[in-house]
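Structure record follows, encoded as structure tokens.
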Protein chains: 2
Amino acid sequence: MTNGQEQNRPPYDAKKYRTPDGIPADIVMFTLTKQERRAATKSLPIFDLKVMLIRRKSWPFAGAWALPGGFSQEDESLYETASRELMEETGVEGRHLEYLGVYSKPGRDPRGWIISHAFFAFVEEWVLEKRKAADDAQKVGLFTMKEALEELELAFDHREILKDAYKRIQQQMLQTTIAKQFLPEHFTLSELYQVIQTVVPDFAELNFIRKITSTRSRQGILEEVRDENGQPLLSNQYSQRPAQLYRFTDFTPQLSIYT
Amino acid sequence: MTNGQEQNRPPYDAKKYRTPDGIPADIVMFTLTKQERRAATKSLPIFDLKVMLIRRKSWPFAGAWALPGGFSQEDESLYETASRELMEETGVEGRHLEYLGVYSKPGRDPRGWIISHAFFAFVEEWVLEKRKAADDAQKVGLFTMKEALEELELAFDHREILKDAYKRIQQQMLQTTIAKQFLPEHFTLSELYQVIQTVVPDFAELNFIRKITSTRSRQGILEEVRDENGQPLLSNQYSQRPAQLYRFTDFTPQLSIYT
DNA sequence: GTAATAGTGTCTGTCAGACACTATTAG
DNA sequence: CTAATAGTGTCTGACAGACACTATTAC
């Protein structure tokens with residue numbers, strides 16, 4: 001594999017250059033906790049968006065909270081690294097694993113030249129609770145975004161990663177159908193509304209039900225669930241009056257600021 | 001910097017692990033070429049979205065076309081690497097440099113364990129033409145997306161990167177105001193429309209002018225340009241009848257599939 | 001006048017936003 | 001009956017989509 005021009009640019013030799021000391025993948029594991037409310041009758045639970053963090057045992061940042069993660073190996077892509085770490089940390093595959101970005105500011109890791117790749121994932125609450133129970137409670141924590149961002153001492157540049165991840169899922173919650181990652185296969189419109197509001201507190205839509213169900217331009221995101229006889233499937237899990245169940249279709253509308 | 005728990009997890013030593021052989025940043029440099037049409041009178045030019053590629057001289061993929069790029073150094077972030085490479089390749093800072101993603105599939109680079117970070121940038125046409133002229137014409141090429149994706153032999157996984165970059169700027173063109181990166185400070189609505197259509201050929205909007213200028217919900221993306229006396233500024237560069245000039249404000253609307 | 005782009009008139013059906021109202025059911 | 005969520009009626013003004021039409025100017 002040589003040619004006449006090779007004299008101009010000698011074959012690449014990695015050993016001649018300084019190379020990074022490690023390429024980890026760190027994962028922001030989100031979960032939606034559901035807490036029943038004490039009410040006279042059935043009522044909607046209170047949702048909360050939380051994130052799992054691990055307390056570091058050793059240098060650097062011993063005692064601080066950090067995102068779970070680990071180093072990439074030569075025989076895997078970074079997505080595979082993240083997927084493997086997610087499995088190792090929680091025992092499950094998660095409902096969504098997506099690349100967030102690269103964090104490479106010099107000096108971000110006192111151990112050396114370490115470039116981290118952040119991912120985010122959605123994991124069901126019971127998985128993280130199980131993980132927490134299996135381990136020392138001192139070591140694993142589930143925190144709300146506010147706690148994590150404002151109150152905890154975080155290792156490395158993990159506060160920045162968390163902020164970016166939060167921004168990203170807020171944007172995705174409004175612009176894609178990832179809400180389905182937080183919901184069961186079938187859900188009521190109130191549940192969907194609550195999920196959106198939990199992740200994006202600013203979201204408010206007075207005529208939510210009507211808009212989703214009766215505007216042509218949004219037709220196709222959701223569809224009513226019916227049983228084998230074509231009867232509408234209802235749920236009264238959170239309400240006295242049964243509510244229609246919906247599911248997401250696999251259609252995601254393309255938005256535009258000009259249209 | 002030690003504590004009692006360190007025996008559980010000995011201090012990190014990079015030399016104990018296999019580490020990557022290099023972390024390059026590759027840059028997709030987009031430009032919008034403008035070609036006057038031969039018409040009886042003034043008319044709109046034909047735009048084309050093009051990308052700059054470099055022909056590789058040596059192993060691996062000698063002779064194939066590749067994205068310009070280079071290896072990251074320990075004292076710089078990957079964004080700084082990309083920025084430096086952009087400057088080295090073109091002599092300018094570019095009008096927009098944005099991270100695209102990481103490409104880490106094992107075996108993507110026969111030289112070893114090399115993880116590439118892709119960026120994309122917008123560069124004015126004359127810069128790339130200058131670069132092309134300064135060099136051997138065999139070495140530097142400006143290609144339309146179709147040519148690059150369908151006709152050229154591309155090195156590494158650069159076809160995949162190009163595809164991803166194309167998808168990304170198409171999405172951004174519709175959902176953000178990056179169109180301004182392709183336009184002069186002041187522009188007519190026809191120019192804007194042409195730019196959008198060039199990047200997103202499917203885009204069609206019969207009432208484009210009216211929608212941009214007279215719908216309240218989109219108010220704020222653009223504003224009319226006026227001179228110091230408050231008189232509207234017009235341009236007849238591409239038309240007999242002068243057209244109102246506009247500029248982008250710094251407002252970008254937030255879209256939602258639910259609203 | 002002609003060719004080219006810039007921009008408006010107008011019509012229909014749909015949607016957004018606001019808010020009052022009815023429906024259903026467990027307890 | 002009450003409390004809670006589910007869902008509808010209704011009204012106004014704004015918008016979308018379609019397409020015909022007028023406006024302006026260089027040549």
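Note that the structure is a prediction, hence the values are computed from the model and not measured.
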*Between dC19(C), dA18(D), dA26(C), which nucleotide gets closest to the side-chain atoms of Arg210(A)?*
dC19(C)
_Between P on dG7(D) and CG on Leu222(A), what's the gap in Å once rounded to a whole number?_
13 Å
*Write down the distance between CG (Asn207(B)) and P (dT14(C)), rounded to a whole number of angstrom.*
17 Å
*Measure the shortest side-chain to side-chain distance between Lys132(A) and Val140(A) over non-hydrogen atoms and say whether it is less than 4.5 angstrom.*
yes
*Would you kindly give the CG-to-P distance between Asn236(B) and dA26(D), to the nearest whole Å?*
6 Å
*Base, sugar-phosphate, or nothing: which does Glu205(A) touch, judged by heavy atoms less than 4.0 Å apart?*
sugar-phosphate
*Between the side chains of Asp26(A) and Tyr103(A), does any donor sit under 3.5 Å from an acceptor?*
no
*asked:* Can you identify which nucleotide, out of dG7(C), dA16(D), dT5(D), has its nearest atom closest to the Ser43(A) side chain?
replied: dT5(D)
*Give one of base, sugar-phosphate or nothing for Leu189(A), where a contact means two heavy atoms less than 4.0 Å apart.*
nothing
*Whether Thr198(A) side chain and Gln194(A) backbone form a donor-acceptor pair below 3.5 Å*: yes
_Position toward the 5' end of DNA chain D (nearest nucleotide), Pro242(B) or Leu234(A)_ = Leu234(A)
*Atom CD of Gln237(B) and atom C1' of dT24(D): how far apart are they, to the nearest Å?*
18 Å
*Of all the choices, dC19(C), dT10(C), dG7(C), which nucleotide is nearest to the side chain of Gln244(B) once you look at every atom?*
dG7(C)
_Heavy-atom nearest nucleotide on DNA chain C for Ser239(A) versus Gln240(B): which residue maps closer to 5'?_
Gln240(B)
*Separation of Phe208(B) atom CZ from dG17(D) atom P, in whole Å?*
14 Å
*Closest to the Arg37(A) side chain: dA18(C), dG17(D), dT5(D)?*
dT5(D)
*Give the rounded distance in Å between these two atoms: OH of Tyr238(A) and P of dG27(C).*
16 Å
_Among dG17(D), dG7(D), dT5(D), the nucleotide that comes nearest once only the side chain of Lys211(B) is considered_ = dG17(D)
*Expressed in angstrom and rounded to an integer, what is the separation of Leu44(A) atom CG from dA3(D) atom P?*
17 Å
*Testing Phe122(A), Phe30(A), Phe119(A), Phe182(A) for ring pair (Phe, Tyr, Trp, His ring centres under 6.0 Å) with His96(A), which one passes?*
Phe122(A)
*Quick one: do Glu98(B) and Gln172(B) satisfy side-chain hydrogen bond (donor to acceptor under 3.5 Å, both in side chains)? Show the steps, please.*
CA-CA 11 Å; Glu98(B) 185 176 327; Gln172(B) 297 232 27; 2.6 Å; yes
*Select from Leu206(A) and Arg241(A) the residue whose nearest nucleotide in DNA chain C is closer to the 5' end of that strand.*
Leu206(A)
*Closest to the Ile209(A) side chain, choosing from dG7(D), dA16(C), dT5(C)*: dG7(D)
*How close or far is atom P of dA16(D) from atom CZ of Phe203(B), stated in whole angstroms?*
12 Å
